[in-house]
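Here it is, the structure in full.
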Amino acid sequence: MYKPLRLIALICSAAVALSIASPAEADFDYKSSITGAFSEVSAKAEHQGMRLLSNLAGLNLEKSAKAYVARTSGTSITIIPVDPSLPVQVTARQGVTVLIGMPFSQRAEEAQLIAEGAVTYDNQNASTSTVIAKADGSVQIATVLASAEAPTRYSYELTLPAGVQAKLGNDGGVVFLGASGKHLGGIAPAWSRDARGADVPTHYELSASTLTQIVDHQNVSYAYPVVADPWLGLELIDRTTWQSKTLQVFPTLWGRLADTGSRWAAWDEVLSKTPGNRENTASMRDQLYCHVDFVRKVDPFKTSWNLDLDRPYSDYLTLVLNKCNNPK
């Protein structure tokens with residue numbers, strides 16, 4: 001028997017039509033209402049993180065694992081279980097694995113594939129949680145709030161590797177730190193937008209291993225649906241390429257928004273992903289730091305961060321004033 005989706009009725013204006021729709025028709029509207037909300041946000045995107053259905057990884061439903069699985073280059077893998085009570089698993093190329101429990105997992109319905117790379121859980125409380133697997137191995141968990149009846153708090157239970165802890169970062173995001181303080185990944189700063197593109201106040205709270213995004217949407221008359229988004233990533237640098245004496249560094253999508261404390265880890269990744277060792281100079285290192293600290297803020301869509309081998313070392317302030325290139 002068809003079970004009406006209360007969420008659809010709240011999102012779509014044609015509520016009466018939906019209440020008598022066939023299961024196939026309801027499923028179509030369920031998907032299109034969510035992807036439509038994502039498209040609205042993406043159309044008003046100010047940074048890569050808001051382009052929700054872009055740069056997607058291919059997902060395959062693996063029946064043996066009872067999960068949707070995305071495998072990108074190297075050993076990077078994302079596993080999204082059909083059962084909402086099981087955590088999403090994200091593993092980076094260096095073997096670091098993080099588990100993320102979904103909000104309202106005990107009441108949510110089983111996962112549905114709604115677009116390439118995007119799997120949705122209906123939380124049955126005027127909200128949905130969509131796990132979006134990105135080609136760079138990062139994962140976005142986009143929440144769609146259908147009406148003012150949707151909750152304001154969305155909690156994620158994090159399971160990190162032994163010796164790794166989560167801390168709130170200086171930029172409003174979350175960083176994962178190893179025992180020696182090494183940056184091992186994190187979650188980009190929280191954001192939320194309504195259907196008209198207005199910012200909705202939002203922030204993270206962290207208590208032990210539970211990360212909660214608060215979306216303060218009930219005290220102002222916002223246009224629904226509202227979209228909010230934690231974006232988790234473990235890798236900052238996708239690849240590097242030498243062009244004569246210039247090293248082109250290609251950051252991952254997630255690496256463009258990670259906490260500024262990631263600069264040291266970004267340099268470690270540059271060293272590990274560049275053949276040879278001629279890039280390992282103080283000048284090249286500081287050029288990379290400058291790009292992490294400043295260039296990605298003023299030009300987040302810049303294709304690559306270019307580090308020049310023949311530029312002599314100077315103090316960091318001079319480097320910044322020269323737009324991250326030491327004067328020759």
Side-chain angles (χ1 to χ4, degrees), residues 31 34-35 37-39 41-43 45-62 65 67-81 87-100 102 111-121 129-143 173-174 176 183-189 191 227 229-241 248-259 262 265-266 268-270 272-274 291-292 296 299-305:
K31 295 177 182 179
I34 296 171
T35 57
F38 293 167
S39 296
V41 170
S42 298
E46 295 175 358
H47 57 70
Q48 294 276 10
M50 291 181 173
R51 297 183 177 183
L52 292 167
L53 295 181
S54 64
N55 303 103
L56 301 176
L59 279 172
N60 295 308
L61 178 59
E62 298 189 1
Y68 294 90
V69 179
R71 290 181 171 85
T72 53
S73 57
T75 59
S76 181
I77 183 171
T78 299
I79 301 175
I80 309 170
V88 172
Q89 176 179 313
V90 182
T91 300
R93 276 174 279 194
Q94 67 267 35
V96 175
T97 296
V98 174
L99 304 180
I100 314 110
M102 291 295 99
Q112 295 186 46
L113 185 70
I114 64 163
E116 181 183 0
V119 174
T120 291
Y121 303 99
S129 299
T130 299
V131 183
I132 304 172
K134 295 289 189 175
D136 66 352
S138 63
V139 170
Q140 290 181 275
I141 305 173
T143 304
V174 176
F176 303 150
H183 186 286
L184 296 175
I187 297 172
W191 63 265
V227 179
D229 173 50
W231 185 8
L232 181 146
L234 301 177
E235 297 194 57
L236 302 160
I237 306 300
D238 179 59
R239 67 191 189 281
T240 67
T241 302
Q248 293 180 303
V249 177
F250 296 88
T252 63
L253 290 174
W254 182 80
R256 297 175 184 276
L257 287 180
D259 189 275
S262 66
D268 288 342
E269 286 193 43
V270 168
S272 67
K273 295 176 180 180
T274 304
H291 279 79
V292 172
R296 68 178 184 153
D299 190 4
F301 299 107
K302 192 174 192 295
T303 303
S304 65
W305 301 337

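As a basis for the values below, the full set of heavy atoms in this structure was taken, side chains included, without hydrogen atoms, waters or symmetry mates.
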- What are the two closest heavy atoms between Trp254 and Asp136, and how far apart are they? N-OD2, 3.2 Å
- Side chains of Leu232 and Val98 in contact at under 4.5 Å (non-hydrogen atoms): yes
- Value rounded to 0.5 Å, distance of CD in Gln89 from OG1 in Thr78: 9.0 Å
- What is the minimum heavy-atom distance between Arg256 and Thr303, and which atoms define it?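 That would be NH2-O, 3.2 Å.
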- Query: Atom OG in Ser39, atom CD1 in Ile34: separation rounded to 0.5 Å?
  - Reply: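 Reported to 0.5 Å precision, the distance equals 12.0 Å.
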- Mind checking the CD1-OG spacing from Ile100 to Ser129? Nearest 0.5 Å is all I need.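 The OG atom of Ser129 is 12.0 Å from CD1 of Ile100, to the nearest 0.5 Å.
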- Query: In Å, rounded to the nearest 0.5 Å, how long is the span from CD1 of Ile187 to CZ of Phe176?
  - Reply: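 Between atom CD1 of Ile187 and atom CZ of Phe176 there are 4.5 Å.
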- Specify the closest pair of heavy atoms between Ala266 and Val292, including all atoms of both residues, with the distance to one decimal.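 Nearest pair, atom of Ala266 first, then Val292: CB-CG2, 4.3 Å.
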- Mind listing the closest non-hydrogen atom pair of Ala133 and Ala70 along with its distance? CB-CB, 4.0 Å
- Task: Check whether any side-chain heavy atom of Val131 sits under 4.5 Å from a side-chain heavy atom of Tyr68, and report yes or no.
- Result: no
- Message: Could you work out, with side-chain contact (heavy atoms from CB on, under 4.5 Å) as the rule, every residue matching Asn55, not counting sequence neighbours?
- Response: Gln48, Leu253
- Message: Out of the candidates Ile114, Val88, Ile132, Ile80, only one should pair with Val119 under the side chain to side chain contact (heavy atoms under 4.5 Å, CB included) rule; please name it.
- Response: Ile80
- Glu116: salt bridge (charged side-chain N to carboxylate O under 4.0 Å, His left out) partners, not counting sequence neighbours: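 Partners of Glu116 by the salt bridge (charged side-chain N to carboxylate O under 4.0 Å, His left out) criterion come out as none, since no residue qualifies.
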- Task: Just do the side-chain contact (heavy atoms from CB on, under 4.5 Å) check on Ile237 and Val249 with the steps written out, would you?
- Result: CA-CA 7 Å; Ile237 306 300; Val249 177; 3.8 Å; yes
- Hey, are the side chains of Val69 and Asn60 touching, using non-hydrogen atoms and a 4.5 Å cut-off?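 No, their side chains stay 4.5 Å or more apart.
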- Query: So Val139 and Ile141, side-chain contact (heavy atoms from CB on, under 4.5 Å) or not? Walk me through it.
  - Reply: CA-CA 7 Å; Val139 170; Ile141 305 173; 4.3 Å; yes
- Run the numbers on Leu113 and Leu59 for side-chain contact (heavy atoms from CB on, under 4.5 Å), then give the verdict. CA-CA 9 Å; Leu113 185 70; Leu59 279 172; 4.2 Å; yes
- With sequence neighbours left out, what residues match Gln248 under side-chain contact (heavy atoms from CB on, under 4.5 Å)? Thr241, Gln243, Phe250, Ser304, Asn306
- Message: Check this for me, if you would: do Glu269 and Arg239 make a salt bridge, where the nitrogen-to-carboxylate-oxygen distance has to be below 4.0 angstrom?
- Response: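 Looking at Glu269 and Arg239, the cut-off is not met.
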- Partner set under side chain to side chain donor-acceptor pair (under 3.5 Å) for Thr120, not counting sequence neighbours: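 Per chain and number, Thr120 pairs via side chain to side chain donor-acceptor pair (under 3.5 Å) with Thr130.
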- Task: Start with the C-alpha gap between Thr35 and Leu53, add the side-chain angles, then the distance that decides, and say whether side-chain contact (heavy atoms from CB on, under 4.5 Å) holds.
- Result: CA-CA 8 Å; Thr35 57; Leu53 295 181; 4.1 Å; yes
- Task: Mind checking side-chain contact (heavy atoms from CB on, under 4.5 Å) for Ser54 and listing every partner two or more places apart, or none if nothing turns up?
- Result: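 So Ser54 forms a side-chain contact (heavy atoms from CB on, under 4.5 Å) with Arg51, Lys134.
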- What pair of heavy atoms forms the shortest contact from Leu184 to Leu234, and how long is it?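 Heavy-atom minimum between the residues: O-CD2, 3.6 Å.
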- Message: For Glu235 versus Lys273, what's the shortest heavy-atom pair and its separation?
- Response: OE1-NZ, 2.8 Å
- Query: Excluding sequence neighbours, so at least two apart, what forms side-chain contact (heavy atoms from CB on, under 4.5 Å) with Ala265?
  - Reply: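 Per chain and number, Ala265 pairs via side-chain contact (heavy atoms from CB on, under 4.5 Å) with His183, Leu236.
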- Side-chain donor or acceptor of Arg296 paired with backbone N/O of Trp305 under 3.5 Å: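 Checking the backbone N and O of Trp305 against the side chain of Arg296, no donor-acceptor pair under 3.5 Å is found.
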